[in-house]
A.B. asks: 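Let me give you the structure first, and then I'll get to my questions.
Lettering of chains follows the sequences in order, A, B, ..., and the numbering in each one begins at 1.
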There are 2 protein chains.
Amino acid sequence: MKIGELSKTSGCSIQTIRYYERQGLLSDPERSEGNFRLYSNKALKELEFVKHCRSLDISLDDIKRLIELKNKPEESCSSVNELIKQQLNLVNKRMKELKALKNELQHMASTCNSDNTIEGCGIIKSLDS
Amino acid sequence: MKIGELSKTSGCSIQTIRYYERQGLLSDPERSEGNFRLYSNKALKELEFVKHCRSLDISLDDIKRLIELKNKPEESCSSVNELIKQQLNLVNKRMKELKALKNELQHMASTCNSDNTIEGCGIIKSLDS
DNA sequence: ATAAACCCTATAGTAACTATAGGGTCAAGT
DNA sequence: ACTTGACCCTATAGTTACTATAGGGTTTAT
């Protein structure tokens, strides 16, 4: 299939597919006479792997590492585990930050009695302090 | 005070202060004979306002809007309220995404029995599906 | 007089894309 | 045969909020 079809099937934009290829996350596709990229089902699976990793917010660099690991099936999977754990730590850290942030925003929003002027606005006051 | 002192007092890097100035978030400071930026306490407060907004992950564009609103003390504060509510929505949305993400990562991590090879690794398997 | 510590502008780099310019390919219709 | 439209190509610039660098000037202390 050509890139347009791969794009529709996978849900990744054409630009993104080409970008992943340049970053070395997808193997170089065959080319047609007219230099169009031609993809197999295997290529679709590669792309879906990347997409799944991205949906977990794994960085492109880490995905590259995972792909390399995937290609060494006999090695220990402890490094894979390590990478996932780190990703989990990152997510936990972000969640904590977001919670704190949510609390302050909620509190701020509650101090705004909408029929007020900016001069007396509780939100601006708390941002100012 | 000069930019180095403002940087230490505020906790923003010198580069960031100059960046905020270029983006129009801080008023243009006085300059010394030798063209060094000179800041007053008012400037420090401006910077702290920006910093506080940033700690709530409000975008520079939205901070600019808040500053403009701040300078119209007699207007209604409903637009301020609106902006904060939108920010809260954004944060809530991100939290939901993060929770889903955390769940999948946790589940994946639990399928890895560390003494395995990559070939039999539950993590790689679930990323592949 | 000179060295260290500070400041200046302008520009490039970061992550993970998205968008654009300026072109080539291919199949269908006239 | 020719043109139209849908598709493809590469290379480059833009996005956000910074950070880092190059290549200089200023101030202060010795």
Side-chain angles (χ1 to χ4, degrees), chain A residues 1-26 28-39 43 46-47 49-67 83 86-87 90-91 93-94 97-98 101, chain B residues 1-26 28-39 43 46-67 83 86-87 90-91 93-94 97 101:
Chain A
M1 68 185 118
K2 279 181 289 179
I3 199 167
E5 198 185 334
L6 182 66
S7 167
K8 264 169 208 151
T9 316
S10 66
C12 291
S13 80
I14 290 177
Q15 308 288 358
T16 299
I17 295 170
R18 292 201 276 241
Y19 175 69
Y20 287 165
E21 182 187 325
R22 274 202 306 284
Q23 300 311 114
L25 297 170
L26 304 174
D28 287 353
E30 308 273 304
R31 297 287 184 136
S32 74
E33 292 260 310
N35 200 32
F36 289 10
R37 286 172 179 80
L38 296 177
Y39 295 98
E46 278 180 24
L47 180 55
F49 181 85
V50 174
K51 209 191 162 195
H52 193 172
C53 291
R54 284 299 299 140
S55 80
L56 295 167
D57 221 13
I58 297 174
S59 72
L60 297 192
D61 271 4
D62 279 348
I63 297 175
K64 224 168 168 176
R65 260 164 236 137
L66 282 174
I67 292 171
L83 202 153
Q86 274 175 26
Q87 189 65 22
L90 194 74
V91 167
K93 202 181 131 210
R94 277 207 215 123
E97 287 165 7
L98 271 188
L101 217 144
Chain B
M1 67 185 117
K2 280 181 288 179
I3 200 167
E5 199 185 332
L6 182 67
S7 168
K8 266 169 208 154
T9 317
S10 65
C12 292
S13 80
I14 291 177
Q15 309 288 359
T16 300
I17 296 170
R18 291 200 276 241
Y19 175 69
Y20 286 165
E21 182 188 324
R22 274 202 307 283
Q23 301 309 113
L25 297 169
L26 304 174
D28 286 352
E30 309 274 305
R31 296 287 183 137
S32 73
E33 291 260 310
N35 199 32
F36 288 11
R37 286 172 178 80
L38 296 176
Y39 295 99
E46 278 180 25
L47 180 54
E48 279 170 343
F49 181 87
V50 174
K51 210 191 162 195
H52 194 172
C53 291
R54 283 300 297 139
S55 79
L56 295 167
D57 221 12
I58 297 172
S59 72
L60 296 191
D61 271 4
D62 279 348
I63 297 175
K64 222 167 170 176
R65 260 165 236 137
L66 281 174
I67 292 171
L83 202 151
Q86 274 174 26
Q87 189 65 21
L90 197 73
V91 167
K93 203 181 131 212
R94 277 206 215 123
E97 287 166 7
L101 218 143

A.B. asks: In Å and rounded to the nearest 0.5 Å, what is the OG to CD distance from B:Ser59 to B:Gln86?
C.D. replies: 10.0 Å

A.B. asks: Roughly how far, to the nearest 0.5 Å, is the NZ atom of A:Lys8 from the CE atom of A:Met1?
C.D. replies: 12.5 Å

A.B. asks: Is A:Lys64 paired with A:Asp61 through a side-chain N to carboxylate O contact shorter than 4.0 Å?
C.D. replies: no

A.B. asks: Between C1' on C:dA15 and CD on A:Gln15, what's the gap in Å once rounded to a whole number?
C.D. replies: 17 Å

A.B. asks: What is the distance from atom CZ of B:Arg94 to atom CG of A:Leu98, rounded to the nearest 0.5 Å?
C.D. replies: 6.5 Å

A.B. asks: Take the protein atom CD of B:Glu5 and the nucleotide atom P of C:dA5, then report the distance between them rounded to whole Å.
C.D. replies: 18 Å

A.B. asks: How would you list, by chain and number, every residue that makes a salt bridge (Lys or Arg N to Asp or Glu O under 4.0 Å) with B:Arg37, sequence neighbours excluded?
C.D. replies: B:Glu21

A.B. asks: What's B:Arg37 touching, base or sugar-phosphate or nothing? Going by heavy atoms closer than 4.0 Å.
C.D. replies: sugar-phosphate

A.B. asks: Rounded off to whole Å, could you give me the CD1-to-P distance for the A:Ile14 and C:dC17 pair?
C.D. replies: 16 Å

A.B. asks: Under 4.5 Å between any side-chain heavy atoms of A:Pro29 and A:Leu38, yes or no?
C.D. replies: no

A.B. asks: Could you give the distance from CG (B:Leu83) to CG (B:Asp62), rounded to the nearest 0.5 Å?
C.D. replies: 4.0 Å

A.B. asks: At less than 4.0 Å, is any side-chain N or O atom of B:Ser13 found next to OP1 or OP2 of D:dT19? Yes or no.
C.D. replies: yes

A.B. asks: Which pair of non-hydrogen atoms, one from A:Gly4 and one from A:Ile14, has the smallest distance, and what is that distance?
C.D. replies: CA-CD1, 4.1 Å

A.B. asks: Give each protein N/O atom lying under 3.5 Å from an N/O atom of nucleotides 21-27 of chain C, with the pair distance.
C.D. replies:
unit_1, atom_1, unit_2, atom_2, d
C:dC26, OP1, A:Gly34, N, 3.4

A.B. asks: Check the interface with nucleotides 12-17 of chain D: list each N/O to N/O pair with the protein under 3.5 Å, or write none.
C.D. replies:
unit_1, atom_1, unit_2, atom_2, d
D:dA17, N7, B:Tyr19, OH, 3.3

A.B. asks: Would you give the length of the straight line joining atom CZ of B:Arg18 to atom SG of B:Cys12, rounded to the nearest 0.5 angstrom?
C.D. replies: 13.0 Å

A.B. asks: Distance check needed: D:dT27 C1' versus B:Ile3 CD1, whole Å only.
C.D. replies: 16 Å

A.B. asks: Roughly how many Å is it from CD in B:Glu21 to C1' in C:dC7, rounded to a whole number?
C.D. replies: 13 Å

A.B. asks: Whole angstroms only, please: what is the CG-C1' distance between B:Leu38 and C:dC8?
C.D. replies: 13 Å

A.B. asks: Once you round it to whole Å, what is the distance between C1' of D:dC7 and CE of A:Met1?
C.D. replies: 16 Å

A.B. asks: Please state how far atom OH in A:Tyr39 lies from atom C1' in D:dC9, giving the value in whole angstrom units.
C.D. replies: 11 Å

